Protein chains: 4
Amino acid sequence: MCPKKHIPSAVKDPKLIETRRQQIVAAAVNLFVEKGFHGTTTREIARESGLSIGALYEYVESKEDVLYLVCDNIHTTLETRLRRTLTEAGNARESLRSAIRQYLYVMDDMQDDVLLIYQESKSLPLEALHFVLGKEEQITGIFADILRRGIEDGSLRLDPGAVTLMAHNIIVLGQMWAFRRWALQRHYTLEEYIRVQTSLLLNELMSPDETDDTDTQVKKEEGEAVRGN
Amino acid sequence: MCPKKHIPSAVKDPKLIETRRQQIVAAAVNLFVEKGFHGTTTREIARESGLSIGALYEYVESKEDVLYLVCDNIHTTLETRLRRTLTEAGNARESLRSAIRQYLYVMDDMQDDVLLIYQESKSLPLEALHFVLGKEEQITGIFADILRRGIEDGSLRLDPGAVTLMAHNIIVLGQMWAFRRWALQRHYTLEEYIRVQTSLLLNELMSPDETDDTDTQVKKEEGEAVRGN
Amino acid sequence: MCPKKHIPSAVKDPKLIETRRQQIVAAAVNLFVEKGFHGTTTREIARESGLSIGALYEYVESKEDVLYLVCDNIHTTLETRLRRTLTEAGNARESLRSAIRQYLYVMDDMQDDVLLIYQESKSLPLEALHFVLGKEEQITGIFADILRRGIEDGSLRLDPGAVTLMAHNIIVLGQMWAFRRWALQRHYTLEEYIRVQTSLLLNELMSPDETDDTDTQVKKEEGEAVRGN
Amino acid sequence: MCPKKHIPSAVKDPKLIETRRQQIVAAAVNLFVEKGFHGTTTREIARESGLSIGALYEYVESKEDVLYLVCDNIHTTLETRLRRTLTEAGNARESLRSAIRQYLYVMDDMQDDVLLIYQESKSLPLEALHFVLGKEEQITGIFADILRRGIEDGSLRLDPGAVTLMAHNIIVLGQMWAFRRWALQRHYTLEEYIRVQTSLLLNELMSPDETDDTDTQVKKEEGEAVRGN
DNA sequence: CATGAATGAGCATTCATTCAT
DNA sequence: CATGAATGAATGCTCATTCAT
């Protein structure tokens, strides 16, 4: 998959390490989401993990390690869920359309976690940050691959030099659904968001002849609401 | 402009308040950018401001107030610089193209500040956060206005219900240049980024007949480099 | 006198720093003597100093700083008290005899402090340790000076190359009264100790013709006691 | 030899106890010398001993027990090595001269261990400390015995009441070579130190008629160096 | 208005020791 | 006998905020 930062543990049994770290991550995600990294104490993490503070530090060397574990876990979950939905059926254009939809479903579901990474990863030590960004890039690569397939099979017209950028655009599409939810989710439902963004992205917006009507149309009230801010 | 949160001060003279708060913000931006909100102490802010801690607390009620002041200041600067470049000359499509370019210039210049808002605004008390988000929405409104003008003058084909979303897309376009710089700025120069993103956005990408070649084409090496990662 | 390590303080008024540090040292000496450096907590030091823990750290940067302050204070006291008793009256031999006597009085009085330095100075950071050893050497120099005067005025016969060593011997003479008190003070009174050590040192022991009888003779019971262990 | 503190063990086999404790002591000496008693953790002791912490605590009841074991071991080694070199050949004066020389050789070799006892024995529980001091006294007795023999055979002129003191002086002579090495070993080689101290002690210093020249004379450069500080 | 000394709750982390397996 | 995971009291230190001068 992707190289992971090795976090030393005083405990020898790898099985146990895995189990305990899962407890820790499960507890920490919730706490970090709720109160932020700096607002959460190690004791809270320990308590919620069902570990003593001493035990916590047997599986982790610092609070920052917990943050890394959390970020990595979120990314892994994200990637796993995303890859699970990928199909090679049909041309790449259809694959992309489907992948975007699935990606946005996942992002909608993991909003808090996405936010967490975006707001707290700066607290990671440099080395750990690199690993996290590496993972981020890898996930971006999923879309880059589809885009390249689309260029090859002719279903997508895109300058090869713009592939990376486009892939990042798609990723950001999902992230903004989370970190601008205070605005977006007031105006659009997830389905609307998916529909419109996909259209814009797949360039159907400006080529009405290729557009299927149900796709681009936004509900009336929505159109009104938008003007209201 | 936009309603601002009133921050009480023990000092009467409004002129003085204004001056001192400017000192405070100037000092705090640098510190927050460099060390983050939590990594900066009030003493450091005071020292860099040329004030005593006692004096600092005469102009501000809490460290969070400083953060609010900083965020508000960044947003105000951003908006001012952006509005200064807006022209009504030509059709809206050309206005938009120009606005995006100018916006990206500003965002490139203010990368650190943009990052600051994105990573630290979660530390604001709820009320202050609302003011900050309000400002954000207002800036988004600048682009929404242009888009609406484009619909009216026919230079932009866009479903009215998608205006808000498109405006957010544009804003995020600029923000991602900052918060994904670890990837984007490794692959693209600012000019390339502006060119490609504008093309994608203005839908020239998929309609090569409308495209001006120099605009969509990315330098060969870039194309290679992209595949390389 | 002797260069001192500068210990930064958050407080500006030098008078206040002096006062507070004196409080701190006064409290810490007792605590360190009683419970050792590691056995004493910073909170105890603060409490006994009449300061809050926060205030303590305004005058000191670490617990080790307190230790340095304590060591330096002890050395300074020692040196001051020692120098106060020095006389140039008579020949150097008589000066030395008197100086040793006074030195041992002081050492007897400061036993606990001497012990403290000997047992805890290893906990000092390297730099601070150098300052402490420098001070120690300077005190040794007091006796070296007298010895040199003795060589010059002919009242002491000593190879110049042995001056330093002899000076260290004298210093250690006083220190061992403290750190071997569990044995020495069971067998000898201070006066006896002074008398015998001075005799041995001034070489009267083996030259009975120069010896004044009352000086070398140790009380009968003492002689017995010695054999008893 | 000397009564030793009994340290309870959960293990029955005395052979095994002996072996394991030797492992423990060997590891702990190095660690204590390097990092001090308080700076060494029980886990480190266990690891270096090749034992698990669990096992460590089967052979020892506390960290302080390890310290006692270490101190006792050092003292035992010291005494053994010292006694091995003792000869009854010649008069006591010559025995003493030789014993001092051998003693200083051993002390030079065991500097770190000597320092260890001097700096850390204060961390021993009272009872253990008494045993350690007892051993120290016993070693001192070695020299007391020689001194007494010297009084009897007339080769040493010494007030019987000063025997104990003189014995302590000799012991301290060796110890100071270790704990004042920062000064002494900068000025003198071991051989010079032995020569001069022996001379001073054997009272040849002030009676040049009895002195053998090579013995009291300190190398010219040394003499200079001494004045230089 | 300005100063800066004082406060003390709060935090991350350590480590000797235990005990179930 | 051996193992090593678990415990949690204890510690050094920080820092936002206050308030007497």
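Predicted model, so just to flag it, every value in this text is computed and none were measured. Lettering of chains follows the sequences in order, A, B, ..., and the numbering in each one begins at 1.
Atom NZ of K12(B) is separated from atom P of dA2(E) by 13 Å (rounded to the nearest Å). The CG atom of L16(C) sits 18 Å away from the P atom of dT3(E) (whole-angstrom rounding). Between the CD1 atom of I17(C) and the C1' atom of dA6(E) there is a distance of 15 Å, given to the nearest Å. If you measure from atom CZ of R47(D) to atom P of dA16(E), you get 12 Å, rounded to the nearest angstrom. If you measure from atom CD of E64(B) to atom C1' of dT17(F), you get 12 Å, rounded to the nearest angstrom.
Inspection of the K63(B) and S123(B) side chains reveals no N or O donor paired with an N or O acceptor under 3.5 Å.
Side-chain N or O atoms of R21(B) include one that pairs as donor or acceptor with a backbone N or O of Y59(B) at under 3.5 Å. No donor-acceptor distance shorter than 3.5 angstrom exists from the side chain of N73(C) to the backbone of L69(C), with no hydrogens or angles considered. Between the side chain of S9(B) and the backbone N or O of E58(B) there is at least one donor-acceptor pair closer than 3.5 Å.
Using a 4.0 Å cut-off on heavy atoms, the residues of residues 19-44 of chain B that approach DNA chain E are R20(B), R43(B), listed by number. A heavy atom closer than 4.0 Å to some atom of DNA chain E occurs in S52(C), I53(C), G54(C), A55(C), E58(C), Y59(C), these being the qualifying members of residues 49-63 of chain C.
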Which nucleotides of DNA chain F pair, in dot-bracket form (Watson-Crick or G-U under 3.5 Å, | meaning another strand): .||||||||||||||||||||
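With a 4.5 Å cut-off on side-chain heavy atoms, Y68(D) and K4(D) count as touching. In this structure, the side chains of K122(C) and E120(D) come closer than 4.5 Å at one or more pairs of heavy atoms. Side-chain atoms of Y118(C) and Q119(D), non-hydrogen and from C-beta on, never get closer than 4.5 Å to each other. Put simply, the side chain of V25(C) reaches to within 4.5 Å of the side chain of V29(C), judged on heavy atoms.
The two residues L124(D) and V132(D) have their closest heavy-atom pair at CD1-CG2, 3.6 Å. When all heavy atoms of L51(B) and Q23(B) are compared, the closest pair comes out as CD2-NE2, 4.2 Å.
A salt bridge between K35(C) and E44(C) is present, with a side-chain N of the basic residue lying under 4.0 Å from a carboxylate O of the acidic one.
Nucleic acid contact class of A10(B) (heavy atoms, under 4.0 Å, all strands): none.
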